[in-house]
There are 2 protein chains.
Amino acid sequence: MPATIRDVARASGVHISTVSRTFSAPHLVNPETRSRVLACADDLGYRPNRAARALITGRTHNIGLIIADIANPFFPPLIKAAESQARQRDYHVFVADTNEDPAAEEELVHALAKQVDGVLLCSPRMSNSLIEQLSREVPLVVINRQVAGLPAVVMDVGQGARLAIDHLLGLGHRDIALLSGPRGSWTSREIRRAAAAAVRAGGGDLTVLGPNLPTETGGTALAEQVRRCGATAVLAYNDLMAIGLMEGLHDLGLRVPGDVSVVGIDDITLSRLTRPKLTTVATPTAAAGRTAVDMLLQHDSPAATRNLRGGGRSSAGDDRRTTAQVMLQTELVIRDSTGPGPRAGRTDGAAGVEHPGPHCPAGPGSPAVATGEVVAS
Amino acid sequence: MPATIRDVARASGVHISTVSRTFSAPHLVNPETRSRVLACADDLGYRPNRAARALITGRTHNIGLIIADIANPFFPPLIKAAESQARQRDYHVFVADTNEDPAAEEELVHALAKQVDGVLLCSPRMSNSLIEQLSREVPLVVINRQVAGLPAVVMDVGQGARLAIDHLLGLGHRDIALLSGPRGSWTSREIRRAAAAAVRAGGGDLTVLGPNLPTETGGTALAEQVRRCGATAVLAYNDLMAIGLMEGLHDLGLRVPGDVSVVGIDDITLSRLTRPKLTTVATPTAAAGRTAVDMLLQHDSPAATRNLRGGGRSSAGDDRRTTAQVMLQTELVIRDSTGPGPRAGRTDGAAGVEHPGPHCPAGPGSPAVATGEVVAS
DNA sequence: GTGAAAGCGCTAACAC
DNA sequence: GTGTTAGCGCTTTCAC
């Protein structure tokens with residue numbers, strides 16, 4: 001039913017290749033012919049079939065974005081940033097949700113492989129070796145995970161966890177619980193590692209609870225365990241769990257931060273709307289989305305388009321993709337869910353016990369704005 | 001780099017058409033040949049190119065889902081339901097976000113058109129005539145809007161608004177404000193129409209504020225206006241705005257529901273986590289997603305596959321798509337953000353002033369479970 | 001049961 | 001500046 005290039009050619013009395021050129025290289029066709037063709041095309045409601053075009057050019061101008069869980073408010077800012085960045089480069093983004101299911105991830109990469117020029121794999125739950133294998137099928141950029149040999153952008157959650165723990169220690173907490181994230185999460189491992197080290201260094205005690213579903217429900221379900229383990233402060237894998245935990249503690253009759261302090265990670269919008277407002281580690285999600293798109297599209301510089309005209313050979317040498325790994329800084333945002341612990345006052349190092357304000361920059365001397373930093377190339 | 005059908009043919013010593021059959025109609029090929037081909041394919045890491053296949057079969061086995069704003073927690077349940085329903089029918093869903101921008105909607109439909117077998121247009125902001133025109137390019141199912149001649153699934157927000165207003169009236173409120181939604185929203189118009197009628201019937205007074213951005217920020221920004229207009233109860237276009245409004249009122253020193261009662265629409269997860277918990281109109285979003293997928297795929301019944309074998313001609317007659325419009329029921333969920341108004345006690349009709357419980361079914365006699373109801377066909 | 005040939009809608013050399 | 005020809009990776013008659 002929809003018009004094809006042949007219909008337009010027939011209607012405008014030119015060869016199909018002229019019609020083709022009218023759309024893909026307009027400057028190569030006589031202005032008069034061009035406008036005639038355009039008129040006919042418009043008339044017939046013709047639009048080039050991108051899939052057919054891709055078959056021969058090898059470029060779809062689409063990019064895939066695979067997300068563990070669209071319902072997690074952590075992701076939308078990343079998705080939107082990726083989309084707007086892609087749009088600027090004349091690409092479209094197709095998002096797909098895996099429901100935290102590793103099998104669905106693999107399945108989706110395969111499904112997307114031939115319909116996109118590359119895929120952004122966000123917070124994957126599958127194994128490194130599988131990711132590596134899939135990367136041979138379609139260009140991949142991994143987000144929130146480091147895989148040897150693959151371009152990646154991660155947030156420095158290790159640093160974030162450290163800041164959070166130091167904040168807690170500084171407030172006089174000694175018994176700290178960590179609500180870990182889902183099995184297979186790189187982020188969760190990094191947090192755990194950093195938190196353990198920081199607690200040890202501060203002479204405290206860390207209880208790890210998990211792995212868990214990174215949702216409110218997951219957090220709520222842990223309230224009882226948190227009480228039993230005797231922790232006076234908790235660091236959660238993400239804000240959702242932290243918020244769920246606060247609910248659960250509330251139902252148990254425990255006060256936040258009176259009885260237990262809670263820190264989240266991500267700084268989702270919601271964390272500013274709870275009562276008490278959540279202290280959390282802000283991660284630069286939008287920047288991550290933008291950066292990932294740029295890394296995926298780095299070889300497709302606007303220059304390539306310019307090079308098409310004239311006999312100048314297009315630079316074939318820069319096809320080599322540099323597989324950089326970018327790490328984005330995080331910062332601690334202190335709000336109302338953290339307060340003095342049992343050893344408050346006895347504190348001898350660390351930061352002051354009083355809240356420095358609603359939006360305090362990370363560690364001493366660290367920049368207030370999260371910036372990208374190339375770690376390896 | 002990736003292996004093509006020709007590579008597999010060469011490796012297994014058969015013609016490419018045999019390889020093709022091995023994947024698309026295995027029962028037509030000799031078991032021995034088949035396993036040999038499969039082995040070679042596996043060896044080479046061959047996977048059929050879905051795009052190329054689509055070019056000739058005309059079916060991509062993908063469906064597009066265009067969403068106004070992924071960050072709005074109203075949508076994820078719908079997206080997930082659509083995805084799981086699609087997966088069951090062996091389809092993949094590509095989601096795209098338009099940022100509430102009508103131009104982006106059109107652009108995306110075009111981009112998706114040839115890469116999917118149909119698109120689900122969710123809460124479109126563009127004009128009906130444009131939608132109709134686009135529907136000639138690719139099969140469309142509209143969600144949250146009724147467009148003449150097009151299949152659609154909508155929630156009965158009119159009924160929801162009526163329930164909400166009656167609840168408020170019953171509590172003794174007379175001056176009611178309506179926070180309307182974004183320009184171009186069908187839902188917003190329906191809500192307004194129904195709310196106006198219900199308020200009038202109840203002898204109350206309705207002030208309409210808007211149009212607005214359907215976000216927390218949008219709601220917060222309206223707190224001042226709500227106070228000035230003297231309303232003691234507010235119905236918001238959605239939960240996000242209602243929650244934002246509660247924040248704004250709180251900052252103004254007004255108590256909810258003490259000074260003003262607030263009702264939202266959607267019943268997003270978040271509405272159970274605010275303090276006070278939000279009274280709201282629950283909409284069956286998951287059901288909407290499932291239903292929309294079913295409507296889009298109705299002509300592609302599993303029977304079609306069965307018909308392939310044998311000489312039995314596939315039923316060509318049922319290609320005619322029935323353009324049904326489905327309307328899903330809504331229900332009022334009474335929580336803690338609504339309370340007695342200035343005329344409490346003087347009430348003579350309607351529901352009692354006391355909260356009937358945390359999860360009360362809609363109107364008197366209406367079913368507790370939202371069910372689909374075909375309104376036209 | 002398998003091969004040969006045509007062709008889906010389009011682009012990319014190459015002639016003229 | 002435009003037409004010709006080949007062919008992207010695959011499916012689908014049609015012979016055999």
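Note on naming: letters A, B, ... go to the chains in the order of the sequence lines (proteins, then strands), and numbering restarts at 1 for each one. Atom set for the values below is all heavy atoms of this structure, side chains included, hydrogens, waters and symmetry mates excluded.
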Exercise for review: Could you list where the contact with chain A starts and ends along DNA chain D, reading 5' to 3', using a 4.0 Å heavy-atom cut-off?
Suggested key: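 Taking any atom under 4.0 Å from a heavy atom of chain A, the span is D:dG1 to D:dG9.
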
Check your understanding: Considering heavy-atom distances to DNA chain D, does A:Ser17 or B:Val19 have its closest nucleotide positioned more toward the 5' end?
Key ->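 Checking each residue's closest nucleotide, the 5'-ward one belongs to A:Ser17.
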
Distance check needed: [N] [atom2] versus [X] [atom1], whole Å only.
X       : N      : atom1 : atom2 : result
B:Leu55 : C:dA6  : CG    : P     : 18 Å
B:Arg10 : C:dG3  : CZ    : P     : 14 Å
B:Arg21 : C:dG1  : CZ    : P     : 10 Å
B:Arg6  : C:dA5  : CZ    : P     : 14 Å
A:His15 : C:dA13 : NE2   : P     : 16 Å
B:Asn49 : C:dC8  : CG    : C1'   : 13 Å

So do the side chains of [X] and [Y] get within less than 4.5 Å of each other, counting heavy atoms only?
X        : Y        : value
A:Val142 : A:Trp186 : no
A:Phe23  : A:Arg47  : no
B:Arg89  : B:Asp294 : yes

**Study point:** Sugar-phosphate only, base, or nothing, as touched by A:Thr4 at under 4.0 Å among non-hydrogen atoms
**Key:**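 The answer is sugar-phosphate, as A:Thr4 gets under 4.0 Å only of primed atoms, P, OP1 or OP2.
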
Practice item. Classify the nucleic acid contact of B:Phe23 as base, sugar-phosphate or nothing, counting any heavy atom under 4.0 Å across all strands shown. Key: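 B:Phe23: no heavy atom of the nucleic acid under 4.0 Å.
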
Review point. Under 4.0 Å: is that the gap between some side-chain N or O of A:Ser20 and OP1 or OP2 of C:dA12?
Key: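 No.
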
Exercise for review: Could you tell me whether the phosphate oxygens of C:dT11, OP1 or OP2, come under 4.0 Å of any side-chain nitrogen or oxygen in A:Thr57?
Suggested key: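 No, A:Thr57 has no side-chain N/O under 4.0 Å of OP1/OP2 on C:dT11.
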
Check your understanding: Which atom names give the shortest non-hydrogen contact between A:Val95 and A:Ile67, and what distance separates them?
Key ->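 Closest pair (atom of A:Val95, atom of A:Ile67, distance): CG1-CG1, 4.0 Å.
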
Review point. Where is the tightest heavy-atom contact between B:Ala292 and B:Ile143, given as atom of each residue plus distance?
Key: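 B:Ala292 and B:Ile143 have their closest heavy atoms at CB-CD1, 3.6 Å.
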
Exercise for review: Could you tell me the separation between the NE2 atom of B:His15 and the CZ atom of B:Arg6, rounded to the nearest 0.5 Å?
Suggested key: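 If we round to the nearest 0.5 Å, B:His15:NE2 and B:Arg6:CZ are 9.0 Å apart.
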
Practice item. Would you write the dot-bracket representation of DNA chain D, where each base gets (, ), [, ], | or . depending on whether it forms a Watson-Crick or G-U pair under 3.5 Å and with which partner? Key: ||||.|||||||||||

Taking distance alone, no hydrogens or angles, what donor-acceptor pairs closer than 3.5 Å link side-chain atoms of residues 112-129 of chain A to residues at least two apart or in another chain?
residue: A:Gln115; atom: NE2; partner: A:Ala111; partner atom: O; Å: 3.0
residue: A:Gln115; atom: NE2; partner: B:Asn62; partner atom: OD1; Å: 3.1
residue: A:Asp117; atom: OD1; partner: A:Thr60; partner atom: N; Å: 2.6
residue: A:Asp117; atom: OD1; partner: A:Thr60; partner atom: OG1; Å: 2.9
residue: A:Asp117; atom: OD2; partner: A:Thr60; partner atom: N; Å: 3.2
residue: A:Asp117; atom: OD2; partner: A:His61; partner atom: N; Å: 2.9
residue: A:Ser123; atom: OG; partner: A:Asn144; partner atom: ND2; Å: 3.0
residue: A:Arg125; atom: NE; partner: A:Glu100; partner atom: OE1; Å: 2.7
residue: A:Arg125; atom: NH1; partner: A:Ser123; partner atom: O; Å: 3.3
residue: A:Arg125; atom: NH2; partner: A:Glu100; partner atom: OE1; Å: 3.2
residue: A:Arg125; atom: NH2; partner: A:Glu100; partner atom: OE2; Å: 3.3
residue: A:Ser127; atom: OG; partner: A:Ser129; partner atom: OG; Å: 3.2
residue: A:Ser127; atom: OG; partner: A:Leu130; partner atom: N; Å: 3.2
residue: A:Asn128; atom: OD1; partner: A:Arg145; partner atom: NE; Å: 2.9
residue: A:Asn128; atom: OD1; partner: A:Arg145; partner atom: NH2; Å: 3.0

**Study point:** Distance-only donor-acceptor check, side chains A:Tyr91 and A:Arg59, under 3.5 Å
**Key:**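 Side-chain D/A pair, A:Tyr91 to A:Arg59: present.
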
Check your understanding: So which one's nearest nucleotide on DNA chain C is more toward 5', A:Arg53 or B:Arg34?
Key ->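 First, find each residue's nearest nucleotide; the 5'-ward one identifies B:Arg34.
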
Review point. In terms of the nearest nucleotide of DNA chain C, which residue is placed more toward the 5' end: B:Asn30 or B:Ala52?
Key: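 Nearest-nucleotide comparison on DNA chain C picks B:Asn30.
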
Point to revise | Under 3.5 Å: donor-acceptor pair, side chain of A:Asp7, backbone of A:Thr4 | key: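 Indeed, once roles are kept as given, a pair shorter than 3.5 Å links the two residues.
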
Exercise for review: Provide the distance between the two P atoms, one in C:dA6 and one in D:dT5, to the nearest whole Å.
Suggested key: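 Approximately 15 Å lies between the P atom of C:dA6 and that of D:dT5.
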
